[in-house]
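Just so we're on the same page: letters track the sequence lines, and every chain starts at 1. Predicted model only: the values in this text are computed from it and were never measured.
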There are 2 protein chains.
Amino acid sequence: MDSDNKLKDVGLKVTHPRSKILEILHTNSKSHLSADDIHNLLVKSNESIGLATVYRVLTQLEMAGLVQKNQFQDNQSSYEIKKQHHDHLICIKCGKIIEFLDSDLEKLQEKISDKYDFKLQSHVMTLFGECQNRDCKENN
Amino acid sequence: MDSDNKLKDVGLKVTHPRSKILEILHTNSKSHLSADDIHNLLVKSNESIGLATVYRVLTQLEMAGLVQKNQFQDNQSSYEIKKQHHDHLICIKCGKIIEFLDSDLEKLQEKISDKYDFKLQSHVMTLFGECQNRDCKENN
DNA sequence: TGTAATTATGATATTATATATTATTATACA
DNA sequence: TGTATAATAATATATAATATCATAATTACA
């Protein structure tokens, strides 16, 4: 399947844990799952894959460029399938995460880096606020 | 001293640990210290203040608005005296941190939030790159 | 297709970071 | 200065992540 080809492409052996974890991330491409979330999903699917393996595999997938690790402000990293670069907007009430890309922002970051004589390599930009979803408003 | 007045101003009792921790943060206002760093500095000054107290006090100072907690990308929070709002540029080679404020960036963040119907409350923006310091270049 | 060489995994222990508990101590204020 | 109240120290515990190592799975190739 597709996940297996991706693994081969980046030179990782195709193993059951890697395959399954990539699949889960793919299926939940709109989510931002923690290692524990992923482990729970595996357990639910009756996969006996240890949490240590989940961490190990996620690190490998990140190194290989297949997965993006996010560290928002809550002591726990989350992971998502690597898509086009983007930043995040997070609702502080309901936890909803919106992904966005803004070319003006990207340009501005370059400009700021230049100003301070920095060779920009990556950045993290996360906006925290309140979303205006009806569901969110009703529950808060 | 000044630290004590700050504590009083925000309605916190003046205690030895709070006073000392605020002082350390003030003295190192250009640094970004972890709870452990602060604890080590206290031990060096022959202060017998427990690590748990350091965490507790830092949280209180943050709540009170005297201290800013930063969570960069390394599983460990760092703290600094709260100054004017600013973002960070971090050198991935030498760890040097530059604080900056860019009004265009602030405006752009508001604009992006509006676009997605979010009431912006705060943000984190960290740029990672290579600084062009001679010291850094020589050691990498 | 079967097998050896190599790499990955599961289970567990350990480390690192942070928080909770509780008896004792310090602070603020009458 | 004495007392009510809140804070601290010294644990223990929780949470997140990594290290170890014997066993199992994968791949290359005969």
(message) With a 3.5 Å distance limit and no angle check, can you tell me whether A:Asn133 reaches the backbone of A:Cys136 through a side-chain donor-acceptor pair?
(response) no
(message) Distance check needed: C:dT17 P versus B:Leu33 CG, whole Å only.
(response) 14 Å
(message) Whole angstroms only, please: what is the CD1-P distance between B:Ile21 and D:dA7?
(response) 14 Å
(message) What is the distance, to the nearest angstrom, from the CG atom on B:Asp4 to the P atom on D:dA7?
(response) 15 Å
(request) Would you check if the distance from the ring center of A:Phe128 to the ring center of B:His123 is below 6.0 Å? (result) no
(request) Taking only the side-chain nitrogens and oxygens of B:Ser77, find out if one of them lies under 4.0 Å from OP1 or OP2 of C:dT17. (result) no
(request) Take atom CG of A:Asn40 and atom P of D:dA16, then tell me their distance rounded to the nearest Å. (result) 11 Å
(request) Round to a whole Å and report the spacing from CG of A:Leu7 to P of D:dA25. (result) 18 Å
(request) Quickly work out the B:Glu47 CD to D:dA7 C1' distance and round it to whole Å. (result) 16 Å
(request) Give one of base, sugar-phosphate or nothing for A:Asn75, where a contact means two heavy atoms less than 4.0 Å apart. (result) sugar-phosphate
(message) So, OP1 or OP2 of D:dT18: does either fall under 4.0 Å of a side-chain N or O from A:Arg56?
(response) no
(message) Could you check whether B:Lys83 pairs with B:Glu99 (Lys NZ or Arg NE/NH1/NH2 to Asp/Glu carboxylate O, under 4.0 Å)?
(response) yes
(request) Could you tell me the separation between the CG atom of B:Leu51 and the C1' atom of D:dT13, rounded to a whole number of Å? (result) 14 Å
(message) Would you say A:Thr15 places a side-chain N or O within less than 4.0 Å of OP1 or OP2 belonging to C:dT9?
(response) yes
(request) When you get a sec, tell me which of D:dT8, D:dA16, C:dT19 is the closest nucleotide to the side chain of A:Gln76? (result) D:dA16
(request) Would you please confirm or rule out a distance under 4.0 Å between OP1 or OP2 of D:dA17 and any side-chain N or O of A:Tyr55? (result) yes
(message) Using a heavy-atom cut-off of 4.0 Å across all strands, would you classify B:Ile49 as base, sugar-phosphate, or nothing?
(response) sugar-phosphate
(request) Look at all strands and tell whether A:Thr53 reaches a base, only sugar-phosphate, or nothing, counting heavy atoms closer than 4.0 Å. (result) base
(message) Side chain of B:Arg18, heavy atoms from C-beta onward: which of D:dA10, D:dA7, C:dG10 has the nearest atom to it?
(response) D:dA7
(message) Once you apply a heavy-atom cut-off of 4.0 Å, does B:Ser48 come out as touching a base, just sugar-phosphate, or nothing?
(response) sugar-phosphate
(request) List the atom of B:His85, the atom of B:Leu101, and the distance in Å for their closest heavy-atom pair. (result) O-CD1, 3.4 Å
(message) On DNA chain C, compare the nucleotides closest to B:Tyr79 and B:Lys13; which residue's is nearer the 5' end?
(response) B:Tyr79
(message) Please compare B:Asp36 and B:His16 by the position of their nearest nucleotide in DNA chain C and report the one closer to 5'.
(response) B:Asp36
(request) Give the rounded distance in Å between these two atoms: CD of B:Gln73 and P of D:dA17. (result) 12 Å
(message) Using 30° and 60° as the class boundaries, would you call the ring planes of A:His88 and A:Phe72 parallel, tilted or perpendicular?
(response) perpendicular
(request) For A:Ala35, answer base if it contacts any base atom (sugar-phosphate contacts may also be present), sugar-phosphate if it contacts only those atoms, and nothing otherwise; contact means non-hydrogen atoms under 4.0 Å. (result) nothing
(request) Return yes if some donor-acceptor pair links the side-chain N/O of A:Asp114 with the main-chain N/O of A:Lys111 below 3.5 Å, else return no. (result) no
